[in-house]
Amino acid sequence: MDTKNLKFNTKLIHGGAIKDKYGSVNVPIYQTSTFAFESAEEGERCFLGESNGFIYTRLGNPTIKALEDCIAGLCGGYGGIAVGSGMGAVNTIYMALLDKGSHMVSTSAVYGPSRGIMENHWSRFGVESTYVDTTNIESIKKAIKPNTKVLYIETPANPTLDIADLKACSEIAKEHGLILVVDNTFSSPYLQRPFEFGADVVFHSMTKFINGHADIVAGIVIPKTKELYDKLRPMMIALGCNMDPHQAFLVLRGVKTLGIRMERAQENAVKIAEYLENHSKVAWIKYPGSAV
Ligand SMILES: *Cc1c(COP(=O)(O)O)cnc(C)c1O
């Protein structure tokens, strides 16, 4: 189904639709490791990406592909690469885009494990990193070095809700030839679509708002271009941090209500922020929508 011209909430429901011979309105769970082909030649065409068929679930699976197409469509990216967790997305990105001796600039308030693995482990393989207050554009500029390859922004950051100016970040990235990676977990594509501000790679921990039911852990990487997709997808496959078809089914089910859940979450957040702002025993609050 061509979903390009559908509105956002309609895409949530129909974005992952597939056509099968029964007319299933939901994507079935293809709980299989391996697929059989008509011929060895057909198998080769699948392997080379010249056919829409599937070979082996670590490389691709119809249920997972439906989810990848749905989320990539919501974000406006080239394609989706579903992974077993948000951290699977983080490490696929680090491994595919950084080399020994290369450097990354990132948000100091970034999700703890994303920084922990970089500073404690990727550093063992010679990857350098600098964490700065990315709400301040000058501090990003100052941190860029000749070997900087990636600008990795988490906005809003978890859990500080620090906000970075993505348009300004993308201008700096372009000026210095950096790949702009955005962790969009905390706003979801309902509230923020970083490609509209010039991001190159967007990723989500779908464990949070996208799935929304606290019943699975999952992630997705969405590159803007085929060139980046062709670097990132083989890395996910090689690392083996693929998603499971049943996980994909649950996210496809959860994402259908993303719009109404985000609206209600926002309404509730405003009420809580206002209540706390006016509370005599509360010294300060941090809420991006607050005037304080
Ligand atoms: C939860 C989270 C992650 C990691 O995702 P998992 O699904 O727990 O592996 C990464 N970034 C942000 C902002 C998160 O909130």
Side-chain angles (χ1 to χ4, degrees), residues 71 74-77 80-81 83 85-98 103-123 127-144 148-173 176 178-211 217-224 228 232 241 262 265 269 286-289:
I71 308 295
L74 298 174
C75 295
I81 304 161
V83 281
S85 70
M87 286 311 294
V90 169
N91 283 299
T92 299
I93 290 167
Y94 289 166
M95 183 81 158
L97 304 182
L98 292 159
H103 174 248
M104 177 179 95
V105 175
S106 185
T107 308
S108 50
V110 78
Y111 183 70
S114 309
R115 182 170 179 169
I117 189 122
M118 173 54 72
E119 292 188 328
N120 298 328
H121 297 288
W122 287 97
S123 60
V127 177
E128 298 169 25
S129 58
T130 306
Y131 288 84
V132 297
D133 173 7
T134 50
T135 63
N136 180 342
I137 291 300
E138 285 312 309
S139 60
I140 299 177
K141 282 189 190 158
K142 275 197 211 122
I144 293 170
T148 307
K149 274 187 76 180
V150 168
L151 175 58
Y152 175 122
I153 304 287
E154 184 178 309
T155 183
N158 175 11
T160 60
L161 300 179
D162 283 352
I163 307 273
D165 178 345
L166 281 180
K167 191 153 183 290
C169 290
S170 103
E171 279 160 15
I172 297 174
H176 295 270
L178 315 180
I179 300 170
L180 176 60
V181 174
V182 179
D183 182 342
N184 198 45
T185 299
F186 248 42
S187 51
S188 90
Y190 184 75
L191 296 178
Q192 174 171 276
R193 288 176 291 280
F195 291 130
E196 292 171 7
F197 303 103
D200 299 300
V201 178
V202 174
F203 79 93
H204 299 92
S205 163
M206 299 197 290
T207 313
K208 317 293 166 50
F209 293 114
I210 290 184
N211 179 57
V217 168
I220 194 160
V221 181
I222 303 134
K224 184 174 165 180
L228 284 165
L232 287 155
C241 56
M262 293 309 283
K286 193 155 182 184
Y287 175 64

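For this chain, numbers begin at 1 and follow the sequence in order.
With a 4.5 Å cut-off on side-chain heavy atoms, W122 and N91 count as touching. F203 has its side chain out of reach of V83: every pair of non-hydrogen atoms, C-beta onward, lies at least 4.5 Å apart. By the 4.5 Å heavy-atom criterion applied to side chains, Q192 and P156 are counted as neighbours. With a 4.5 Å cut-off on side-chain heavy atoms, I210 and L74 do not count as touching. Counting heavy atoms from C-beta outward, D183 and V110 have side chains that stay 4.5 Å or more apart.
Remark: I153 CD1 to T134 OG1 distance equals 4.5 Å, nearest 0.5 Å. Atom OG of S188 is separated from atom CE of M262 by 4.0 Å, given to the nearest 0.5 angstrom. Between atom CG of residue N211 and atom CE of residue M206 there is a gap of 8.0 Å, rounded to the nearest 0.5 Å. One finds the CD1 atom of I172 at 5.5 Å from the NZ atom of K141 (value rounded to the nearest 0.5 Å). The CG atom of L97 lies 5.0 Å from the CG atom of L232; values are rounded to the nearest 0.5 Å. Rounded to the nearest 0.5 Å, atoms CE (M87) and OH (Y94) are 6.5 Å apart.
Applying the salt bridge (charged side-chain N to carboxylate O under 4.0 Å, His left out) criterion to K149, with sequence neighbours excluded, gives D99. The salt bridge (charged side-chain N to carboxylate O under 4.0 Å, His left out) check on K286 picks up D162, with sequence neighbours excluded. Residues passing the salt bridge (charged side-chain N to carboxylate O under 4.0 Å, His left out) test with K208: none are found, sequence neighbours excluded.
In plain terms, the two heavy atoms of S205 and T185 that are nearest each other are N-OG1, 2.8 Å. Closest non-hydrogen pair, P288 versus L161, comes out as CD-CD1, 3.6 Å. Shortest non-hydrogen contact noted between L178 and T148 is CD2-O, 3.2 Å. V90 approaches S114 most closely through the heavy-atom pair CG2-OG, 3.8 Å. When all heavy atoms of A173 and L180 are compared, the pair lying nearest together is CB-CB, 4.0 Å. Of all the heavy atoms in I222 and F195, the pair that sits closest is O-CZ, 3.1 Å.
Classification of K142 and E138 as a salt-bridged pair fails, no side-chain N sitting under 4.0 Å from a carboxylate O.
For F186 and Y111, the gap between ring centers reaches or exceeds 6.0 Å.
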